[in-house]
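Let me begin by presenting the structure, written as structure tokens, before commenting on it.
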Amino acid sequence: MSYVEVDMERVLSNELSSHAGERVRMAGWMHRIRRLGSGIVFVHLRDRSGICQIVVEAPGVIASLDGLLAESVVEVEGTVVAEAQATGGYEIHEPSFTVLSAVTDALPFPINKPVINAHLDTFLDHAMIGLRAPVKQAVFKLSAAVAHAFRDVLDGKGFTEIATPKIIGSASESGANVFALDYFGKQAYLAQSPQFYKQIMVGVFERVYEVAPVFRAEPHQTVRHLNEYVSMDAEMGFIQDHTTVMTLLTEVIRGILDYIGSHCAQELVLLNVQMPLAPQEFPRIYFPEAQQWIFEHHGEDCRGEPDLAPQHEKWLGEWAKETFQSDFLFVTGYPMVKRPFYTAPNPDDTRYSNSFDLLFRGTELVTGGQRLNRFEDYARALEARGMTQEAVASYLETFRFGMPPHGGFAIGLERFIMQLVNLSNLRDAALFPRDMERIQP
RNA sequence: GGGGUCGUGGUGUAGCUGGUCCAACACGCUGGCCUGUCACGCCGGAGACCACGGGUUCAAAUCCCGUCGAUCCCGCCA
């Protein structure tokens, strides 16, 4: 049995320098066609590696491009020539074209300009095409690199990747609303988090992670919420307390930043990314102390409130940057009343929890903490909240049969990208975002 | 769930204290010119019943009401 070679002797636009003088075969989209007159046409060919320029001078070949609009797909055979005038130093001469797919209609909006001139709503209606724009590609290349680096760092620390179900039978977990669906006549729900399963799997592998979508039926309408987003979850056993998890998270974040710094130079430049300040140890502040600081420095008295408002997080983020030269800030010890039942309390003051949020440039990026690990503690926690054990019976079985002290966290991938790239809307960090109004495309 | 703002050719905007707007500019599309452009340039052209419905007025893109759509903030969450 023989297979056709995947790359079929095709040369990519970023490989021209190693083929100078050769006759090569290329293929891609006509990103831009610049017809300078009867005598010369420049075609910018876009493939997965980038864009290169093809110079067309033969009248017959120029005629073969008549009527083709941007985004037409072509195969090109031509000679690689070193040319100082060309961006990148090389271009294709004496080409011949085979049209694989001709475009004759104008695009909904131009995608070959440095900036995309379309409202978010318009863009999303045509995301199928808009995503081809180099600036948009770069966002999702970065996104892929972040997810890759997340896996890479955790693989290196003995974690095992898992895939937990997104269709689940019971919906009692945290405060977030769930989407109900009909499952062969039974009531089922879309998972709002892999929380239960990743804890259960700590009992199997000690250390696990998952990169997968989660579903939130919250009716929110803001630039930093989606109803479906990618959660990068990790959970590990045999921790001291939540600070062990914070140390792990710090290493993960720094590992991700290192990775994209060394692998995504092109995207970072194109998107004008200011690399985050990420010191060896991220500064941390205890929840009630954060409220006290807000009261003293901004005059707003939120002391006693169970949570921080977005504005508070912004202030704290600015403070961390100025005081500690860090774009990241841990806020620890969120009140127990605001945390789900599986959260471990602070043993020294049980009003507060052994949990944390990580703020990235003043926006909540990660939630994590230590979980309860003894069955008796779960029984008490459920009772205190008026919940029944039956509702979470299979989850609880885990804790009857030996679970180590453990904890973990969940990073919102789109949030990470949004804050990294300084996007004004989380929807710009999702390929096909799902919000209250949008389920198409 | 509560509140604010907006709705003008395919796209992005100007006009919006009513008449001079059968609507202007840029991108895109299109006809012509240009053999080194790379956000090419130059000269033309097509394309909008100014979201929809009603009202005020001699006169409405412009003022009022309603509907729909979009968007942002708060709450909730990552």
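Residue numbers start from 1 in every chain, and the chains themselves are labelled A, B, ... in the order their sequence lines are given, proteins ahead of strands.
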Worksheet item: For the side chain to side chain donor-acceptor pair (under 3.5 Å) test, which of A/His298, A/Glu305, A/Glu300 pairs with A/His312?
Response: A/Glu300
Fill in: Base partner of B/G1, which must satisfy Watson-Crick or wobble distances under 3.5 Å
B/C74
Worksheet item: Rounded to the nearest Å, what distance is computed from the CD atom of residue A/Gln192 to the P atom of nucleotide B/C77?
Response: 11 Å
Discussion item. Any base atoms under 4.0 Å from A/Ala410, or only sugar-phosphate, or nothing? Heavy atoms, all strands.
Written reply: nothing
Discussion item. Tell me if the side-chain of A/Glu91 makes a donor-acceptor pair with the base of B/G36, cut-off 3.5 Å, by modelled atom types.
Written reply: yes
Response to the item:
Pairing partner of B/C21, by Watson-Crick or G-U wobble and under 3.5 Å for both distances, is none
Response to the item:
Atom CD of A/Gln311 and atom C1' of B/C72 are separated, to the nearest Å, by 15 Å
Worksheet item: Counting any heavy atom closer than 4.0 Å, what does A/Ala309 reach on the DNA or RNA strands: base, sugar-phosphate only, or nothing?
Response: sugar-phosphate
Practice prompt. With a 3.5 angstrom cut-off on both distances, give the Watson-Crick or G-U wobble partner of B/U57, or none if there isn't one.
Written response: none
Response to the item:
From CZ of A/Arg224 across to C1' of B/C77 the rounded distance in Å is 9 Å
Discussion item. Rounded to whole Å, please give me the gap between CG in A/Leu413 and P in B/A78.
Written reply: 16 Å
Worksheet entry | Nearest-Å distance once atom P is located in both B/A14 and B/C6 | 11 Å
Worksheet item: Got a salt bridge between A/Glu235 and A/Arg207, using NZ or NE/NH1/NH2 to carboxylate O under 4.0 Å?
Response: no
Worksheet entry | Base B/C77 paired with A/His220 side chain (donor-acceptor, <3.5 Å) | no
Discussion item. Applying a 4.0 Å non-hydrogen cut-off, can you work out what A/Val115 is touching in the nucleic acid: base, sugar-phosphate, or nothing?
Written reply: nothing
Practice prompt. Sticking with atom P, work out how far B/A70 lies from B/G32, rounded to a whole angstrom.
Written response: 42 Å
Worksheet item: So what does A/Glu83 touch, heavy atoms closer than 4.0 Å: a base, only the sugar-phosphate, or nothing?
Response: base
Practice prompt. Figure out the CG/P separation between A/Asp435 and B/C76, and round it to whole Å.
Written response: 20 Å
Discussion item. Using OP1 and OP2 only, check whether a side-chain N or O of A/Arg34 sits under 4.0 Å from B/C38.
Written reply: no
Fill in: Among B/G12, B/C77, B/G36, the nucleotide that comes nearest once only the side chain of A/Ala86 is considered
B/G36
Discussion item. Between A/Arg339 and A/Asp357, does any NZ, NE, NH1 or NH2 come within less than 4.0 Å of an OD or OE carboxylate oxygen?
Written reply: yes
Discussion item. Counting only heavy atoms not in A/Gln137 (residues, nucleotides, ligands), do more than 12 fall under 6.0 Å from its CD?
Written reply: yes
Item to complete: Please work out if A/Arg35 contacts a base, only the sugar-phosphate, or nothing of the nucleic acid, heavy-atom cut-off 4.0 Å.
Response: base
Discussion item. Looking at A/Arg25 and A/Glu75, is any side-chain nitrogen of the basic one under 4.0 Å from a carboxylate oxygen of the acidic one?
Written reply: yes
Worksheet item: Base, sugar-phosphate, or nothing: which does A/Ser231 touch, judged by heavy atoms less than 4.0 Å apart?
Response: nothing
Worksheet item: Hey, what's the ring geometry for A/Tyr209 with A/Phe159, parallel, tilted or perpendicular (30° and 60° as the breaks)?
Response: tilted
Practice prompt. Just compare B/C72, B/C38, B/C77 and give me whichever is closest to any side-chain atom of A/His44.
Written response: B/C38
Worksheet entry | Rounded distance in Å between the P positions of B/G10 and B/G47 | 12 Å
Worksheet item: Taking atom C1' in both B/C52 and B/C43, what distance in whole Å separates the two?
Response: 40 Å
Discussion item. What's the gap between B/U11 and B/U57 when it is taken at their C1' atoms, as a whole Å value?
Written reply: 35 Å
Practice prompt. Would you indicate which nucleotide in B/A70, B/C73, B/G28 comes nearest to any side-chain atom of A/Ala106?
Written response: B/G28
Practice prompt. Have a look at A/Asn425 and say if it touches a base, only the backbone sugar-phosphate, or nothing, with a 4.0 Å heavy-atom cut-off.
Written response: sugar-phosphate
Worksheet entry | Spacing of the C1' atoms in B/U37 and B/G19 (rounded, Å) | 48 Å
Worksheet item: So which nucleotide from B/C76, B/G28, B/U35 ends up closest to the side chain of A/Glu57?
Response: B/U35
Worksheet item: Mind checking the P distance from B/U62 to B/A51? Whole angstroms is fine.
Response: 8 Å
Fill in: A/Arg438 with A/Asp125: basic N within carboxylate O range, under 4.0 Å
yes
Item to complete: Would you please confirm or rule out a distance under 4.0 Å between OP1 or OP2 of B/U13 and any side-chain N or O of A/His119?
Response: yes
Discussion item. Can you tell me if A/Phe42 is stacked onto the base of B/U37, using a 5.5 Å centroid cut-off and an angle below 30°?
Written reply: yes
Item to complete: Figure out the CG/C1' separation between A/Asn227 and B/C76, and round it to whole Å.
Response: 12 Å
Worksheet item: How is A/Leu69 classified with respect to the nucleic acid when contacts are heavy atoms under 4.0 Å: base, sugar-phosphate, or nothing?
Response: sugar-phosphate
Worksheet item: For atom C1', what is the distance between B/C63 and B/U17, given to the nearest Å?
Response: 10 Å
Fill in: Phosphate OP1/OP2 of B/C40 contacted by A/Arg32 side-chain N/O (<4.0 Å)
yes
Discussion item. Which label fits A/Tyr334 and A/Phe287: parallel for a plane angle under 30°, tilted from 30 to 60°, or perpendicular past 60°?
Written reply: tilted
Discussion item. Please tell me if A/Thr122 has a side-chain N or O lying less than 4.0 Å from either OP1 or OP2 of B/G12.
Written reply: yes
Item to complete: Determine the contact category for A/Asp307: base if any of its heavy atoms lies under 4.0 Å from a base atom, sugar-phosphate if only primed atoms, P, OP1 or OP2 are that close, otherwise nothing.
Response: sugar-phosphate
Practice prompt. For A/Phe123 and for A/Lys113, locate the closest nucleotide of RNA chain B by heavy-atom distance; then report the residue assigned to the nucleotide nearer the 5' terminus.
Written response: A/Phe123
Discussion item. Both A/Ile40 and A/Thr367 contact RNA chain B. Which one's nearest nucleotide lies toward the 5' end?
Written reply: A/Ile40
Practice prompt. Can you check whether any acceptor in the base of B/U37 is under 3.5 Å from a donor in the side chain of A/Gln53, or vice versa?
Written response: yes
Worksheet item: Rounded to whole angstrom units, what separation is found between the CZ atom of A/Phe330 and the P atom of B/A78?
Response: 16 Å
Discussion item. Regarding A/Val214, tell me which of base, sugar-phosphate or nothing describes its non-hydrogen contacts under 4.0 Å with the strands shown.
Written reply: nothing
Worksheet item: Is a salt bridge present between A/Glu364 and A/Arg415, judged by a nitrogen-to-oxygen distance below 4.0 Å?
Response: no
Worksheet item: Do we see A/Tyr229 stacking on the base of B/A78, given a limit of 5.5 Å between centres and 30° between planes?
Response: yes
Worksheet item: Paired with B/C42: which nucleotide, if any, by Watson-Crick or G-U wobble criteria at under 3.5 Å for both distances?
Response: B/G32
Worksheet entry | Whole angstrom value for the distance that separates C1' of B/C76 from CE of A/Met436 | 12 Å
Worksheet item: Distance only, no hydrogens: is a donor on one side chain within 3.5 Å (strictly under) of an acceptor on the other, for A/Gln311 and A/Trp315?
Response: yes
Worksheet item: Where the side chain of A/Arg427 is defined as all heavy atoms beyond and including C-beta, which of B/C72, B/C74, B/C77 is the nearest nucleotide?
Response: B/C72
Fill in: B/A51 - base-pair partner by Watson-Crick or wobble geometry, distances under 3.5 Å
B/U67
